[in-house]
Amino acid sequence: MSELNNYRAAGLFDLLSAPVTPIGAFDAEQFKKDVEPLLEKGSVFIAVDLSGLDFLYSDACSAFNIVRQEFAKKNGVFAVLTDHDIVEDCLRKAGLDKTLTIFRKEADMMAFSMKEDMLKNEEGEVKMAAEVKSENRRPSGSMHSVRRRVTGRFTKSFNAIHKDTTIKGMDNPFKEEKRGSSVWTWTLLGIAAVAAVVVYIVLR
């Protein structure tokens, strides 16, 4: 399929020139062929420029409805650019004014594009802010968990050391002192007995 050259960028839109028949009427069949390359390349904002036309036949409205349905599947926007009241009346009678976007001036199309672009940027910023907030929240919780585990580990070790110290001799500190006092008592009694024997022998 040859590359389509009868469209230009207008804001977010690929603005397609209206194909016309030799008698100057809108060529619905050619229009459907012209839209296909834009759909294939992934365009989601397409408009057709009807500025040079002052009337639309039913086949044109039927073709617009088919394209609109294709864009609805992709959440795209299909629009019509016209500055003629009769053309807009034809679209209203066919009920297309409720399902596609009608622009009276190209400036309106540009303003719509700017608004859509701003909304996309705001959505991206909100999403990014939410992701940053989520990332900032995770380390804080992790550090809290680590701090709590570390504190428990050191507390447990301290208790273990305290228990070991108690087992090694701090359980009853008076045991050694009691044993020493008993030895000294028997020693003094022995010395006294020996002294009594010596005195007895001397005095005799």
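- Without hydrogens or angle criteria, R104 side chain to T82 main chain gives a donor-acceptor distance under 3.5 Å.
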Pairs under 3.5 angstrom only: tabulate donor-acceptor contacts from the side chains of residues 61-72 to other protein residues two or more places apart or in another chain.
residue : atom : partner : partner atom : Å
N65     : OD1  : R68     : NE           : 3.2
N65     : OD1  : R68     : NH2          : 3.2
R68     : NE   : T99     : OG1          : 3.4

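- Here C90 contributes atom SG and D97 contributes atom CG; the two are 12.0 Å apart, rounded to the nearest 0.5 Å.
- Judged purely by atom type and a 3.5 angstrom limit, T101 has no side-chain atom pairing as donor or acceptor with the backbone of A79.
- Using bins of under 30°, 30° to 60° and over 60° for the plane-to-plane angle, the ring pair F78/F31 lands in the tilted bin.
- Partners of E29 by salt bridge (Lys or Arg N to Asp or Glu O under 4.0 Å), not counting sequence neighbours, listed by chain and number: K32.
- Screening D34, L15, V35, L38 for a side chain to side chain contact (heavy atoms under 4.5 Å, CB included) involving Y7 leaves a single residue, L38.
- The line from CD1 of I102 to CE of M109 is 11.5 Å long, rounded to the nearest 0.5 Å.
- Clustering ILVMFWY residues whenever any of their side-chain heavy atoms sit less than 4.5 angstrom apart, transitively, puts L91 in the very cluster that holds V20.
- Of all the heavy atoms in E106 and A10, the pair that sits closest is OE2-CB, 3.9 Å.
- By the neighbour-count criterion of 12 heavy atoms within 6.0 Å, atom NZ of K74 is densely surrounded, having more than that number from other residues, nucleotides or ligands.
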Could you give me the CA-CA distance, side-chain angles and deciding distance for E116 and V77, then say whether side chain to side chain contact (heavy atoms under 4.5 Å, CB included) is met?
-> CA-CA 11 Å; E116 285 290 315; V77 177; 5.9 Å; no

Distance-only check: which donor-acceptor pairs under 3.5 Å involve side-chain atoms of residues 46-55, not counting sequence neighbours?
residue : atom : partner : partner atom : Å
D49     : OD1  : S51     : N            : 3.0
D49     : OD1  : S51     : OG           : 2.5

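- Taking the six-membered ring for Trp and thresholds of 30 and 60 degrees, F45 and F13 have ring planes more than 60 degrees apart, a perpendicular arrangement.
- Both L100 and L16 belong to a single network of hydrophobic side chains, linked directly or stepwise wherever heavy atoms of I, L, V, M, F, W or Y lie under 4.5 Å apart.
- A 6.0 Å sphere centred on NZ of K98 holds no more than 12 heavy atoms belonging to other residues, nucleotides or ligands.
- Cluster membership check: L81 does not share its hydrophobic cluster with V87, using side-chain heavy-atom separations under 4.5 Å among Ile, Leu, Val, Met, Phe, Trp and Tyr.
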